[in-house]
**Student:** 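Structure below; questions to follow.
All of these numbers come straight from a predicted model, not from anything done at the bench.
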Amino acid sequence: MKNLRTTMMIIALTAGLAGCGAPDDLTEASPAAAAPVATQPPSAVPPMITETPLGALPPSTKAAKTAGAAKTAGAAKPAGTAKPAAKGTAAAANCTGIALTAQLRTAAESNGSRRAYLSVVNKATEPCALNGFPDLQLLDGRKDPVSTRTVRAGTKAAVTLAPGAAAWSTLAWSTVAGPDEPTTGDCQRTATILTVYAPPDTVGIEIPYSAGPVCKFGQIDATPFTTKAPSA
């Protein structure tokens with residue numbers, strides 16, 4: 001009886017195990033049975049380009065992007081204000097011998113020296129400038145040069161001559177023979193023409209000269225041109 005009971009329990013246990021079988025949720029798929037997944041090498045996959053809307057950027061990034069766009073487009077600048085033209089007129093051109101007339105007025109000899117007043121007048125229709133001293137050259141009747149040396153006395157200043165205006169220079173020279181000059185007769189050859197050159201022009205103005213020999217080898221002291229007329 002005891003053996004029969006034991007045999008029945010073994011039969012029942014065996015039948016129960018055969019009916020259950022292997023549960024589905026405990027079954028694992030074999031790695032070899034899994035379907036292969038197609039892959040591409042990294043170089044074959046095109047990069048994904050995304051653009052973040054301007055509104056989605058953080059405040060600092062959004063401000064920088066906005067400033068960059070404004071700089072690229074070019075901000076409108078206020079129109080500049082024209083600079084006013086400088087006051088005054090253009091400087092007058094230098095006076096030339098062609099534009100001037102000249103005249104010499106001599107004074108009487110006194111104490112071995114002589115004085116004369118040289119005037120020049122602007123005959124052109126435009127103002128012109130004199131800046132300095134006259135240059136002088138004595139000529140004889142055949143227009144051959146007579147010994148002449150102009151010595152500048154004083155400080156020059158720019159002078160502008162309007163059309164028809166005059167400027168003056170005072171001339172002075174010795175009538176007494178200097179060293180190495182003849183002591184009898186004329187100290188130098190007598191001149192009949194005085195050629196005047198206005199600084200810095202090289203065109204001479206010839207005027208009559210009748211004031212006698214100029215001693216000390218033709219030395220003539222000349223003051224700079226001025227618009228102030230001499231009192232003598």
Side-chain angles (χ1 to χ4, degrees), residues 80-110 113-175 178 188-232:
T81 305
K83 222 175 180 182
K87 294 183 179 180
T89 57
N94 291 326
C95 297
T96 65
I98 297 174
L100 297 174
T101 60
Q103 185 177 6
L104 187 67
R105 179 166 58 90
T106 59
E109 182 180 353
S110 174
S113 65
R114 197 151 197 177
R115 188 178 296 270
Y117 305 101
L118 173 68
S119 64
V120 293
V121 176
N122 180 13
K123 64 179 181 180
T125 57
E126 297 292 333
C128 67
L130 288 173
N131 188 9
F133 304 80
D135 284 324
L136 308 169
Q137 177 62 58
L138 294 168
L139 304 174
D140 62 16
R142 295 184 300 179
K143 291 194 175 181
D144 290 332
V146 175
S147 180
T148 311
R149 183 165 61 98
T150 307
V151 176
R152 298 175 176 181
T155 303
K156 69 178 182 178
V159 172
T160 300
L161 294 183
W168 286 266
S169 172
T170 300
L171 311 181
W173 63 91
S174 174
T175 58
Q188 293 289 327
R189 287 191 295 126
T190 301
T192 59
I193 298 172
L194 176 64
T195 306
V196 179
Y197 297 91
D201 196 52
T202 58
V203 177
I205 311 164
E206 294 184 353
I207 56 177
Y209 175 81
S210 58
V214 179
C215 295
K216 296 185 179 179
F217 296 95
Q219 176 179 324
I220 303 175
D221 297 335
T223 63
F225 279 113
T226 177
T227 53
K228 184 178 179 180
S231 56

**Student:** Roughly how far apart are Leu194 CG and Leu171 CG, rounded to 0.5 Å?
**Tutor:** 7.0 Å
**Student:** Kindly list each side-chain donor-acceptor pair under 3.5 angstrom involving residues 203-219, sequence neighbours excluded, with atom names and distances?
**Tutor:**
{"from": "Glu206", "atom 1": "OE1", "to": "Lys143", "atom 2": "NZ", "distance (Å)": "3.2"}
{"from": "Tyr209", "atom 1": "OH", "to": "Gly212", "atom 2": "O", "distance (Å)": "2.6"}
{"from": "Gln219", "atom 1": "OE1", "to": "Arg149", "atom 2": "NH2", "distance (Å)": "2.6"}
{"from": "Gln219", "atom 1": "NE2", "to": "Asp221", "atom 2": "OD1", "distance (Å)": "3.2"}

**Student:** Using only atom types and a distance under 3.5 Å, with no angle test, would you say the side chain of Thr223 pairs donor to acceptor with the backbone of Ser169?
**Tutor:** no
**Student:** Report the residues that fulfil salt bridge (Lys or Arg N to Asp or Glu O under 4.0 Å) with Lys228, sequence neighbours left out, ordered by chain and then residue number.
**Tutor:** none
**Student:** Specify the closest pair of heavy atoms between Pro145 and Leu139, including all atoms of both residues, with the distance to one decimal.
**Tutor:** CA-CD2, 3.8 Å
**Student:** Indicate yes or no for a side-chain donor-acceptor contact from Asp201 to the backbone of Gly97 under 3.5 Å, with no hydrogens or angles considered.
**Tutor:** yes
**Student:** Check the pair Ile193, Arg142 against side chain to side chain contact (heavy atoms under 4.5 Å, CB included), reporting the backbone distance first and the verdict last.
**Tutor:** CA-CA 10 Å; Ile193 298 172; Arg142 295 184 300 179; over 6 Å; no
**Student:** Could you please spell out the steps behind the side chain to side chain contact (heavy atoms under 4.5 Å, CB included) verdict for Leu100 and Val196?
**Tutor:** CA-CA 10 Å; Leu100 297 174; Val196 179; over 6 Å; no
**Student:** Is any side-chain heavy atom of Cys95 less than 4.5 Å from a side-chain heavy atom of Val120?
**Tutor:** no
**Student:** Rounded to the nearest 0.5 Å, what's the gap from CG on Asn94 to OG1 on Thr160? Could you check?
**Tutor:** 10.0 Å
**Student:** Which atoms form the tightest heavy-atom contact between Gln137 and Val146, and what is the distance?
**Tutor:** NE2-O, 2.9 Å
**Student:** Return the minimal non-hydrogen interatomic distance between Ala222 and Phe133, and the atom names on each side.
**Tutor:** O-CD2, 3.4 Å
**Student:** Strictly distance-based, threshold 3.5 Å: is any side-chain N or O of Glu109 a donor or acceptor partner for the main-chain N or O of Ser174?
**Tutor:** no
**Student:** How many angstroms lie between atom OG1 of Thr96 and atom OH of Tyr197, to the nearest 0.5 angstrom?
**Tutor:** 14.0 Å
**Student:** How many angstroms lie between CH2 in Trp173 and OG1 in Thr148, if you round to the nearest 0.5 Å?
**Tutor:** 11.5 Å
**Student:** Return yes if some donor-acceptor pair links the side-chain N/O of Arg189 with the main-chain N/O of Ser147 below 3.5 Å, else return no.
**Tutor:** no
**Student:** With rounding to the nearest 0.5 angstrom, report the OH to CG distance, Tyr117 to Leu104.
**Tutor:** 11.0 Å
**Student:** What heavy-atom pair brings Pro163 and Pro127 nearest, and what distance separates the two atoms?
**Tutor:** CD-N, 4.0 Å
**Student:** Return the minimal non-hydrogen interatomic distance between Leu161 and Ala166, and the atom names on each side.
**Tutor:** CD2-O, 3.6 Å
**Student:** Looking only at heavy atoms, which two atoms of Pro199 and Gly132 are closest? And how far apart?
**Tutor:** CG-C, 3.9 Å
